Amino acid sequence: MTVKKWTAADVTEKMLNKENLFILDVRNVSDFEDWKIEGENFDYLNVPYFELLDGVEEIKSKLPSDREILVVCAKEGSSMLVADMLDEEGIETAYLSGGMKSWSEHLHQTKVYEDEKIKVYQFVRVGKGCLSYMVVSDDEALIVDPARFVDQYMEAAKAEGAKITHIVDSHLHADHISGGKELADATGGSYYLMKSEGAVFDFNPFEDHEKIVFKDIELEVLAVKTPGHTPGSVSFFVNKKLLFSGDTIFVSGLGRPDLGNKVREWANDLYNTVYTKVSGIADDVIVLPSHYADFDTELNEDGYIGDTLGNIRTRNEKMFTASREAFLDDVEKSASSVKPPNFEEIIMINRGVQDADRARKQELEIGPNRCAVHHTD
């Protein structure tokens, strides 16, 4: 037999197809418990690599004979060695190319929406729970909340025969490094962000741009508009049909407002957002957030993460009907949850105050998304 090498894209397809997969994760227990590859029909065995240095005899009985087995580690090397040992024992095995680092960086592109004026694509960062978007009209493209993998957006735009002319960030992200500024530099596109987020480089402040209009795209900036997750959070209402909600509204919850250590003050802003600005938006508007909490439950039947605002209101009825005091109390309780790893350094990089090379950026972003609160059970 020959050990197979699977890419993050291969594993993503198995997630999407709800295939059965058995994952042997050879990272340390604490790393596995904090963050792992998740799929509806995936099962797991976590045995740290150092426990397998003398061989895999003791775990053979714990491995299935009727399912595909994938060995996973942090970077790749340990999983390759374990996969080879299993192969020598006659157990057909694959390993994840690039390890969990490659899983963290993979973007899965899927079409969200199309009419006579625009096409919209969602980029799902499956290992982080992050979502970004490309809106194409004629030969121009708008990118919403880009990750740092700017080449992928440029390739996607090129495939559509479009040039990236506008890039927007809904807020200063805390869990991942934005590709907004780098993408603008690479394409010559205009980059927009709220001035109140404190970025020190050149950009177009949303305070001066309540609308962005080009080709058949009209992007309304719902700002100051939709604060809560951060003081400068905004949402984007495109052609009165699509609400790119940033980290303000998720399919099953709201953005957490505690990262600035002003939880009750920012939760009050979030309450005002939900009960004033969002309340006036029609039920049939499609909400496209910048994060998700659970891939399997939030992925809809059309193959993307998002839903109509009406369905979100129904699913999160308590969130949309609570009194101000009850809302603030619930959000304050949730603020005790674990914050995104390294979020302070990530914010400094996104603000332009600090720099980091690719290796450091990889290291900072390793781990799950923790930007949501108020998710339903």
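Being a predicted model, the structure only gives us computed values, none of them experimental.
- Judged as a side chain to side chain donor-acceptor pair (under 3.5 Å), and not counting sequence neighbours, Thr314 has no contacts.
- Remark: the backbone N or O of Lys241 is not paired with any side-chain donor or acceptor of Asn239 at under 3.5 angstrom.
- Looking at Ile118 and Leu242, their side chains come closer than 4.5 Å, going by heavy atoms from C-beta outward.
- Residue pairs meeting the salt bridge (Lys or Arg N to Asp or Glu O under 4.0 Å) criterion with at least one member in residues 94-106, sequence neighbours excluded, are Glu105-Arg148, Glu105-Arg358.
- The backbone N or O of Ala293 sits less than 3.5 Å from a side-chain atom of Glu298, completing a donor-acceptor pair.
- For Arg27 and Asp25, the salt-bridge test passes: some basic side-chain N is under 4.0 Å from an acidic carboxylate O.
- Judged as a ring-ring contact (aromatic ring centres under 6.0 Å, His included), and not counting sequence neighbours, Tyr121 has no contacts.
- When each of Tyr133, Tyr113, Phe237 is tested with Phe244 by the rule ring pair (Phe, Tyr, Trp, His ring centres under 6.0 Å), just one qualifies, namely Tyr133.
- Here ring-ring contact (aromatic ring centres under 6.0 Å, His included) pairs that include residues 12-31, with residues two or more places apart or in two chains, number zero.
- Of the possible polar contacts, none joining the Asp216 side chain to the Ser137 backbone as a donor-acceptor pair under 3.5 Å is found.
- Distance CD/Glu19 to CZ/Phe42: 7.5 Å, rounded to 0.5 Å.
- In this structure, Ser196 contributes its side chain and Met194 its backbone to no donor-acceptor pair below 3.5 Å.
- Checking side-chain atoms of Asp169 against main-chain N and O of Leu193 turns up no donor-acceptor pair under 3.5 Å.
- Residues satisfying the ring-ring contact (aromatic ring centres under 6.0 Å, His included) criterion with Tyr153, sequence neighbours excluded, are Phe123.
- Between Leu131 and Leu288 there is no side-chain heavy-atom pair separated by less than 4.5 Å.
- Across all non-hydrogen atoms, the minimal contact from Ser245 to Pro289 is OG-CA, 3.3 Å.
- Judged as a ring-ring contact (aromatic ring centres under 6.0 Å, His included), and not counting sequence neighbours, the contacts of Phe236 are Phe206.
- Counting only residues at least two apart or on different chains, the salt bridge (Lys or Arg N to Asp or Glu O under 4.0 Å) pairs with a member in residues 149-162 are Lys119-Glu160.
- Checked against ring-ring contact (aromatic ring centres under 6.0 Å, His included), Phe295 has the following partners two or more places apart in sequence or in another chain: Tyr292.
- Arg313 places no side-chain N or O within donor-acceptor distance of the main-chain N or O of Phe320, the cut-off being under 3.5 Å.
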Test log, rule side chain to side chain contact (heavy atoms under 4.5 Å, CB included), inputs Asn272 and Arg324: CA-CA 9 Å; Asn272 290 335; Arg324 184 182 295 270; 3.0 Å; yes
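- Contacts of Gln152 classified as side chain to side chain contact (heavy atoms under 4.5 Å, CB included), with partners at least two apart in sequence or in another chain: Leu107, Phe149.
- Residues Asp139 and Lys215 are paired through a salt bridge, judged by an N-O separation under 4.0 Å between the basic side chain and the carboxylate.
- Take Ser323 and apply the side chain to side chain contact (heavy atoms under 4.5 Å, CB included) test, not counting sequence neighbours, and it matches Glu325, Ala326.
- Between Lys60 and Glu89, at least one side-chain nitrogen of the basic residue sits less than 4.0 Å from a carboxylate oxygen of the acidic one, meeting the salt-bridge criterion.
- Gln109 places no side-chain N or O within donor-acceptor distance of the main-chain N or O of Ala156, the cut-off being under 3.5 Å.
- Side-chain contact between Asp247 and His171 is present, with heavy atoms from C-beta onward closer than 4.5 Å.
- Here Asp185 pairs with Lys181 under the side chain to side chain contact (heavy atoms under 4.5 Å, CB included) rule; sequence neighbours left out.
- Contact annotation: the side chain of Val287 never approaches that of Val251 to less than 4.5 Å [non-hydrogen atoms, C-beta and beyond].
- Counting heavy atoms from C-beta outward, Leu24 and Ile59 have side chains that approach closer than 4.5 Å.
- In this structure, His173 and His176 have tilted ring planes: the angle between them lies in the 30° to 60° band.
- The side-chain heavy atoms of Val29 and Asn46, taken from C-beta on, include a pair separated by under 4.5 Å.
- Glu365 places no side-chain N or O within 3.5 Å of a backbone atom of Ser104 that could act as its donor or acceptor partner.
- Using a distance-only test at 3.5 Å, with no hydrogens or angles considered, no donor-acceptor pair links the side chain of Thr110 to the main chain of Tyr304.
- Looking at Asp10, its side chain does come within 3.5 Å of a backbone N or O of Thr7 through a donor-acceptor pair.
- Between Asn300 and Asp307 the shortest side-chain heavy-atom distance does not fall below 4.5 Å.
- Checking Ser132, Ser170, Ser178 one by one against Asp145, the side-chain hydrogen bond (donor to acceptor under 3.5 Å, both in side chains) holds for a single residue, Ser170.
- Leu86 is connected to Phe50 through a chain of hydrophobic side-chain contacts under 4.5 Å among Ile, Leu, Val, Met, Phe, Trp and Tyr, so both are in one cluster.
- For Glu13, the side chain to side chain contact (heavy atoms under 4.5 Å, CB included) partners at least two apart in sequence or on another chain are Leu16, Asn17, His108.
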One pair to check against salt bridge (charged side-chain N to carboxylate O under 4.0 Å, His left out): Glu92 and Lys4. What are the steps and the verdict? CA-CA 8 Å; Glu92 191 171 344; Lys4 299 174 185 175; 3.1 Å; yes
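- Contact of the Asn41 side chain with the Leu21 side chain is not registered, since no non-hydrogen atoms from C-beta on lie closer than 4.5 Å.
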